[in-house]
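So the structure is just underneath, and the comments pick up after that.
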Amino acid sequence: MRQTLDFLLNDWLQVNRLNQCERFAEHSAETFAAVLDTCERIARDKFAPVNRITDTQEPHFDGERVHLPEGTLEALNAYVASGMLAASQDHELGGMQLPCVIEMAANAFFSKADVSIGAYAMLTSGNANLLMAHGTAQQREVFAHAQFAGRWLGTMCLSEPQAGSSLSDIATRATPDGEGFADDPLGPRYRLKGNKMWISGGEHELRENIVHLVLAKIPGPDGQLIPGAKGISLFIVPKRMVTAEGQLSGERNDVALAGLNHKLGFRGTSNCLLNFGEGQFLPGGKAGAVGYLVGQPGEGLKCMFHMMNEARIGVGLGAAMLGYAGYEASLTYARQRPQGRALGVSGKDASQPQRPIIEHADVKRMLLAQKSYVEGALALALLCARLVDEQHTGTPEAAQEVRLVLEVLIPIVKSWPSEWCLEANSLAIQVLGGYGYTRDFPVEQYWRDNRLNMIHEGTHGIHGLDLLGRKVVMQGGQALMALAARVNRTVEAAMQQPGLDELGNALAAALARLGRATKQAWSSGQADEALANATPYLQAFGHVVLAWVWLDVALAAELQSGQGSDFAQGKRAACRYFFVYELPKIDAWLGVVGSREALCKDMPEAWF
């Protein structure tokens, strides 16, 4: 994996050019490599050895505290000591001012080694980054800085038992905490009451405090909650109360564990149902969880979505790395496992020795599929992280163009790796056959861990609706046109390379087909008709994007590694596999989109 990662960063994305930006000027190829080396070592030495333990020793609650799997604390301590929690922050905060693309690449090692421990760190970084963008100076000083230093950990509390993806239907209530509530140094102080579900890292004792970021609604003048998303605000709700100077007060906030969820995968991460304001604890002598308003009332989703782009890139990257882990395990197995014999003119000769299964065409097909999925997904995630850096450091005109491209790529970078790297994990099990279905080999765990990624940070259905219903039609289709311009530049470059020119033609035709289907979907002007097949549209769009990524990667491999090297030939073979075996699938997906097939929309419930 490291050779591919280095190639994608240095030869394809040319991250050395980022050093020309003032913010990254102190970095070099050597400092980037040193960060990757350090994270690769920690992941290998501290995370990977406990991956099976964190899967088999699920967190459990004894009535007083949550017990986590053996090795969790030691691995997390090593991560904190590396400084990666504050990797992208200013030097003054103890950060390294790393570009997003290097930070993501470095964290990829942890996702591959033990995704359940890495989740605590990812949530904490995202929490603190949000507070740096939207919190007050005091909130940044007390809550964000403590998380960057690794003294406290963080969560995101969005979903509720009755409102999963439908955040506008949340019912958690936040009321002003008496007179003078607006004058608290930590921010306007409210009392929260409600329940939050699926909260990863919601309760543990890895650190002395947990900083919950909680979505809740402030009642209107009539005492009723405001319907819809406009009424949602964001609050900091610490597990343990703190002073204005950031010291623990010794008092427990009214946040209580109602139960642990028992999951298919990601088992090492505690996943909780939390009760806020149930009166189990009485901060300040009364019931109600104390929360401090972040930003303005009613702007909770705006604040929360600030961190969603990078969070969704992180989910896609995590899915890619779990797929990569399965690919490497099945590749090693296929090279070592003897089974079957060569077919001759008169059939098999039983007197001949068995061949390694990697010599069989169908096993090569499964390995090539995995390679095309996981390396393509890794490239896509790194590309999006690189675009985040360009958006933050480019000229206003360049940043605007990048913003548009990211608008349409974010739903893809989250959803495509989540679906197709899960398929890679399934193929890894298939390569191992019956052994793959046992817990004696790790490939079944990779599949279970990866299955979560199609659900969290937005399901496929949500992202399909977002892509077709909003992103590709916003501002008269400018975002789609901005992406198409980049795709066409790759097509033009491929037309100059013998052997890649036919793939360039295929990509151009696929892009045109996607554009036609987009127009056909909306030709009636009826949203329910256009969006009835939003998920097939998302799948087709993703395949066109991955074909573009693979063609661009293949061009870089041709130029940088030489046509004859095994490394370059492997990239070219994976690219060709994707174009020959995968890209043709878009015709079926776009067929129902373009015709506005009404079956799923109109199917009566009784017919089921």
Side-chain angles (χ1 to χ4, degrees), residues 64-66 76 80 85-86 89 93-94 120-121 123-157 172 174-194 196 199 201-216 233-257 270 272 274-295 300 303-304 307:
E64 294 184 2
R65 60 186 293 262
V66 171
L76 184 66
V80 170
L85 282 173
Q89 295 302 309
L93 292 178
Y120 293 104
L123 288 163
T124 299
S125 292
N127 181 312
N129 286 336
L130 183 151
L131 292 176
M132 292 301 293
H134 296 285
T136 66
Q138 193 74 0
Q139 289 171 346
R140 294 195 296 269
E141 177 69 29
V142 171
F143 296 107
H145 294 184
Q147 291 183 83
F148 286 136
R151 291 194 294 113
W152 300 345
L153 298 182
T155 73
M156 295 185 295
C157 300
T172 298
T175 57
D177 187 19
E179 293 185 11
F181 78 97
D183 300 324
D184 195 297
L186 293 176
R189 189 179 65 254
Y190 288 74
R191 292 279 177 160
L192 277 67
K193 183 176 178 58
K196 292 294 179 177
I199 309 307
E203 178 59 37
H204 55 73
E205 294 190 6
L206 290 169
R207 289 296 185 270
E208 62 183 4
N209 209 2
I210 302 174
V211 181
H212 302 291
L213 285 180
V214 183
L215 291 181
S233 300
L234 181 65
F235 300 87
I236 300 167
V237 183
K239 172 183 173 178
R240 300 188 184 279
M241 299 300 295
V242 301
T243 68
E245 294 73 34
Q247 302 299 314
L248 295 183
S249 70
E251 195 173 20
R252 176 74 186 254
N253 204 354
D254 197 1
V255 182
L257 176 69
S270 64
C272 310
L274 296 179
N275 292 338
F276 293 82
E278 295 287 307
Q280 184 168 342
F281 305 98
L282 300 174
K286 58 182 179 179
V290 175
Y292 304 100
L293 180 68
V294 178
C303 295
M304 189 65 77
M307 63 182 289

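Note that these values count all heavy atoms, side chains included, but never hydrogens, waters or copies made by symmetry.
Considering L282, L192, V237 as possible partners of N253, the one that fulfils the side chain to side chain contact (heavy atoms under 4.5 Å, CB included) test is V237. When each of H212, K196, E203 is paired with T155, the side chain to side chain donor-acceptor pair (under 3.5 Å) condition holds for H212 and for no other.
For I199 against M156, the heavy-atom pair with the smallest separation is CD1-O, 3.8 Å. Annotation for S233 and L293: closest pair CB-CD1, 3.9 Å, computed over non-hydrogen atoms. Between A287 and G279, the shortest heavy-atom distance links the atoms CB-CA, 3.8 Å. Listed here is the closest heavy atom pair of Q139 and Y292: NE2-CB, 4.1 Å. In terms of heavy atoms, A174 sits closest to F235 at CB-CZ, 3.4 Å. In this structure, R191 and G288 approach most closely via the heavy-atom pair NH1-O, 2.8 Å.
Counting heavy atoms from C-beta outward, L215 and L234 have side chains that approach closer than 4.5 Å. The closest side-chain heavy-atom distance from W152 to L248 is below 4.5 Å. Between Q89 and S125 there is no side-chain heavy-atom pair separated by less than 4.5 Å. Side-chain contact between V290 and E251 is absent, with no heavy atoms from C-beta onward closer than 4.5 Å. Contact check for E278 versus K193: side-chain heavy atoms found under the 4.5 Å cut-off. Contact of the L153 side chain with the L76 side chain is registered, since non-hydrogen atoms from C-beta on lie closer than 4.5 Å. Using a 4.5 Å cut-off on side-chain heavy atoms (C-beta onward), L213 and L130 make contact.
Judged by distance alone, with hydrogens and angles left aside, the side-chain atoms of Y120 form a donor-acceptor pair with the main-chain N or O of S270 at under 3.5 Å. For N209 (side chain) and R240 (main-chain N/O), a donor-acceptor pair under 3.5 Å exists by modelled atom type. Checking side-chain atoms of R189 against main-chain N and O of D177 turns up a donor-acceptor pair under 3.5 Å.
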Donor-acceptor contacts, no H, no angles, side chain residues 142-150, under 3.5 Å, sequence neighbours left out:
unit_1: H145; atom_1: ND1; unit_2: E141; atom_2: OE1; d: 3.3
unit_1: Q147; atom_1: OE1; unit_2: G154; atom_2: N; d: 3.4
unit_1: Q147; atom_1: NE2; unit_2: N127; atom_2: OD1; d: 2.9
unit_1: Q147; atom_1: NE2; unit_2: F143; atom_2: O; d: 3.2

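Rounding to the nearest 0.5 angstrom, the gap separating the OG1 atom in T136 from the CG atom in L186 is 7.5 Å. Annotation: the span from F276 atom CZ to T172 atom OG1 amounts to 7.5 Å, rounded to 0.5 Å.
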### Task
Please report the C-alpha distance between K239 and R252 in whole Å, then the side-chain angles of each, then the deciding distance to 0.1 Å, and finally whether the side chain to side chain contact (heavy atoms under 4.5 Å, CB included) criterion is met.
CA-CA 6 Å; K239 172 183 173 178; R252 176 74 186 254; 3.7 Å; yes

